[in-house]
Amino acid sequence: MKIVRLFEDKMLNYEEKIIQELGLDVTIEVKVSQTEEEIIANAKDADILITVYEPLTKHVLEKLPNLKLVLYRSIGFNAIDMDYANSINLPVSHLVSYCTDEVANYVVAAILTHNRRLHDFNQAVKVNHKWDYELFPDMRRLSSQTVGLIGFGNIPKLVAKRLQAFGCRVLAYDPFVAEEVFEQEAVKAVSLEDLFKESDYISSHLPLNPQTQGSLNKSLFDLTEKSPVFINSSRGGVVNENDLLEALQNGQLSYAILDVLSSEDPDLERLPFMKMENVLLTPHIAFYSQEAFLHGVRENMENIKAYLASDYNKAGIVNLRKIKLL
């Protein structure tokens with residue numbers, strides 16, 4: 001079988017090493033493809049695609065007759081037309097355990113950075129030449145704060161465990177998680193509306209799909225009572241950015257720490273958040289570590305091995321219940 005990876009990440013040698021280690025009868029090529037037509041041209045004879053953000057639209061998928069499996073080198077898988085993939089029984093696999101540690105640590109680091117105002121004090125000293133410990137009189141002890149987690153999958157569970165060590169009260173919203181799971185994790189399950197009302201920090205862990213697109217918006221920001229800090233390390237598209245901007249300007253949100261935006265390649269010259277002192281931006285790095293890259297490659301290849309062995313439950317297939325596999 002032929003694998004085509006649609007992006008460059010300098011991991012080819014390691015991929016080939018893992019392929020050999022797992023005894024996979026496959027070959028792999030890297031063909032960087034950013035447009036639909038480039039994907040069609042470069043992957044026309046591929047059995048398996050490895051992708052992250054490349055547009056796997058219906059137009060693309062129907063031109064790839066040999067395609068048997070799509071692998072995401074990420075947890076998110078929002079760049080594919082999933083409805084069409086389901087209609088042609090195309091399995092779509094993603095990474096389940098990759099970078100969970102890194103993203104959980106990012107969220108906790110974001111909360112700690114804001115709670116102790118590290119970035120803001122640094123700016124005050126180095127940029128404004130102010131040596132004044134009373135610049136932020138609203139600073140609170142972290143153990144007095146309530147943190148709301150939107151979603152309660154693998155990453156937010158790790159976030160909750162870390163924050164509980166600091167004494168935080170942790171709330172979470174996830175309609176797909178059973179009540180006993182929240183109880184086991186000592187986290188209070190709440191409605192999304194109550195989460196926005198009660199939280200001092202709010203962290204989004206939503207996947208991006210048609211149901212979540214723009215779902216974090218004015219209707220929720222209007223409910224805030226504590227001017228919370230908003231953190232997004234999931235997908236930018238789950239937030240209505242115009243509503244977020246307004247909430248930051250009018251004080252419904254006091255601060256935002258954003259690792260993701262609606263675009264993966266934003267125009268920084270026009271991005272309004274660039275000029276806001278109450279917004280901290282990072283360029284989608286929450287997942288990043290050398291260990292995470294190695295983990296992602298291995299997990300991709302282990303998913304391929306499970307798929308070829310018809311062990312579909314271990315192949316990370318997100319649409320397994322929607323398709324029929326022989």
Is a side-chain donor or acceptor of [X] paired with a backbone partner of [Y] at a separation under 3.5 angstrom?
{"X": "Gln145", "Y": "Asn115", "value": "no"}
{"X": "Glu8", "Y": "Lys10", "value": "yes"}
{"X": "Ser289", "Y": "Ala292", "value": "yes"}
{"X": "Glu241", "Y": "Ser262", "value": "yes"}
{"X": "Glu198", "Y": "Phe196", "value": "no"}
{"X": "Asn319", "Y": "Leu90", "value": "yes"}
{"X": "Asp200", "Y": "Thr146", "value": "yes"}
{"X": "Lys44", "Y": "Ala41", "value": "yes"}
{"X": "Lys68", "Y": "Asn66", "value": "yes"}
{"X": "Thr224", "Y": "Lys226", "value": "no"}

Around [X], counting heavy atoms of other residues, nucleotides and ligands shown, do more than 12 lie under 6.0 Å from its [atom1]?
{"X": "Asp265", "atom1": "CG", "result": "no"}
{"X": "Tyr288", "atom1": "OH", "result": "no"}
{"X": "Glu179", "atom1": "CD", "result": "yes"}
{"X": "Glu264", "atom1": "CD", "result": "yes"}

At what distance, to the nearest 0.5 angstrom, does [atom1] of [X] lie from [atom2] of [Y]?
{"X": "Ile231", "Y": "Tyr201", "atom1": "CD1", "atom2": "OH", "value": "7.5 Å"}
{"X": "Phe136", "Y": "Asp120", "atom1": "CZ", "atom2": "CG", "value": "4.0 Å"}
{"X": "Asn232", "Y": "Asp259", "atom1": "CG", "atom2": "CG", "value": "8.0 Å"}
{"X": "Ile39", "Y": "Leu6", "atom1": "CD1", "atom2": "CG", "value": "5.5 Å"}
{"X": "Ile257", "Y": "Asn278", "atom1": "CD1", "atom2": "CG", "value": "10.5 Å"}
{"X": "Ile48", "Y": "Leu24", "atom1": "CD1", "atom2": "CG", "value": "8.5 Å"}

Pairwise side-chain contact, [X] with [Y], heavy-atom cut-off 4.5 Å (strictly under):
{"X": "Val32", "Y": "Phe7", "answer": "no"}
{"X": "Ile285", "Y": "Tyr106", "answer": "yes"}
{"X": "Val239", "Y": "Ser204", "answer": "no"}
{"X": "Ser199", "Y": "Leu171", "answer": "yes"}
{"X": "Leu49", "Y": "Leu64", "answer": "yes"}
{"X": "Leu245", "Y": "Met276", "answer": "yes"}
{"X": "Ile50", "Y": "Ile28", "answer": "yes"}
{"X": "Lys188", "Y": "Arg169", "answer": "yes"}

>> What verdict does the side chain to side chain contact (heavy atoms under 4.5 Å, CB included) test give for Phe230 and Leu258, after you've listed the backbone C-alpha separation in whole Å, the side-chain angles of each residue and the deciding distance to 0.1 Å?
In response: CA-CA 8 Å; Phe230 178 76; Leu258 307 175; 4.1 Å; yes
Please answer: with hydrophobic residues joined when any side-chain heavy atoms are less than 4.5 Å apart, are [X] and [Y] in the same cluster?
{"X": "Leu149", "Y": "Val177", "result": "yes"}
{"X": "Leu142", "Y": "Ile202", "result": "no"}
{"X": "Val318", "Y": "Ile75", "result": "no"}
{"X": "Leu158", "Y": "Leu163", "result": "no"}
{"X": "Leu208", "Y": "Phe77", "result": "no"}

> Going by the ring-ring contact (aromatic ring centres under 6.0 Å, His included) test, which pairs reach into residues 251-272, not counting sequence neighbours?
Replying inline: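 ring-ring contact (aromatic ring centres under 6.0 Å, His included) check on residues 251-272 returns His114-Tyr255.
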> Under 4.0 Å between a Lys/Arg side-chain N and an Asp/Glu carboxylate O for Asp174 and Lys157?
Replying inline: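 A salt bridge is absent here (no side-chain N lies under 4.0 Å from a carboxylate O).
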Any donor-acceptor pair under 3.5 Å linking the side-chain atoms of [Y] with those of [X]?
{"X": "Ser219", "Y": "Asn217", "result": "yes"}
{"X": "Glu291", "Y": "His295", "result": "no"}
{"X": "Asn154", "Y": "Thr100", "result": "no"}

What pair of heavy atoms forms the shortest contact from [X] to [Y], and how long is it?
{"X": "Glu299", "Y": "His94", "result": "OE2-O, 4.3 Å"}
{"X": "Ala306", "Y": "Lys314", "result": "CB-O, 3.6 Å"}
{"X": "Ser93", "Y": "Ala315", "result": "OG-O, 2.6 Å"}
{"X": "Ala124", "Y": "Leu135", "result": "CB-CD1, 3.4 Å"}
{"X": "Ser254", "Y": "Ser227", "result": "OG-O, 2.7 Å"}
{"X": "Leu244", "Y": "Leu253", "result": "CD1-CD1, 3.4 Å"}

>> For Tyr98, give me all partners under ring-ring contact (aromatic ring centres under 6.0 Å, His included), at least two apart in sequence or on another chain.
In response: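 None.
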> Can you list the steps and then say if Glu37 with His59 is a side chain to side chain contact (heavy atoms under 4.5 Å, CB included)?
Replying inline: CA-CA 9 Å; Glu37 297 310 317; His59 171 65; 2.8 Å; yes
>> Applying side chain to side chain contact (heavy atoms under 4.5 Å, CB included) to Val297 and Phe293, what does each step give before you reach the verdict?
In response: CA-CA 6 Å; Val297 169; Phe293 278 113; 5.9 Å; no
>> Under 6.0 Å between ring centres: does that hold for Phe176 and Phe152?
In response: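 That pair fails the under 6.0 Å test.
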>> Between Asp101 and Arg162, is the salt bridge (charged side-chain N to carboxylate O under 4.0 Å, His left out) condition met? List the steps.
In response: CA-CA 11 Å; Asp101 201 52; Arg162 286 155 168 72; 2.4 Å; yes
>> With salt bridge (Lys or Arg N to Asp or Glu O under 4.0 Å) as the rule and sequence neighbours excluded, what pairs involving residues 15-32 come up?
In response: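 Pairs touching residues 15-32 that pass the test: Lys2-Glu29, Arg5-Glu15, Glu15-Arg73, Glu21-Arg298, Glu29-Lys31.
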>> Once you measure the plane-to-plane angle for His284 and Tyr53, does it fall in the parallel (<30°), tilted (30-60°) or perpendicular (>60°) bin?
In response: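 Correct class here is tilted.
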>> Show, in sequence, the C-alpha distance, side-chain angles and deciding distance for Leu281 and Leu271, and conclude whether the side chain to side chain contact (heavy atoms under 4.5 Å, CB included) test is met.
In response: CA-CA 11 Å; Leu281 297 171; Leu271 186 67; 4.0 Å; yes
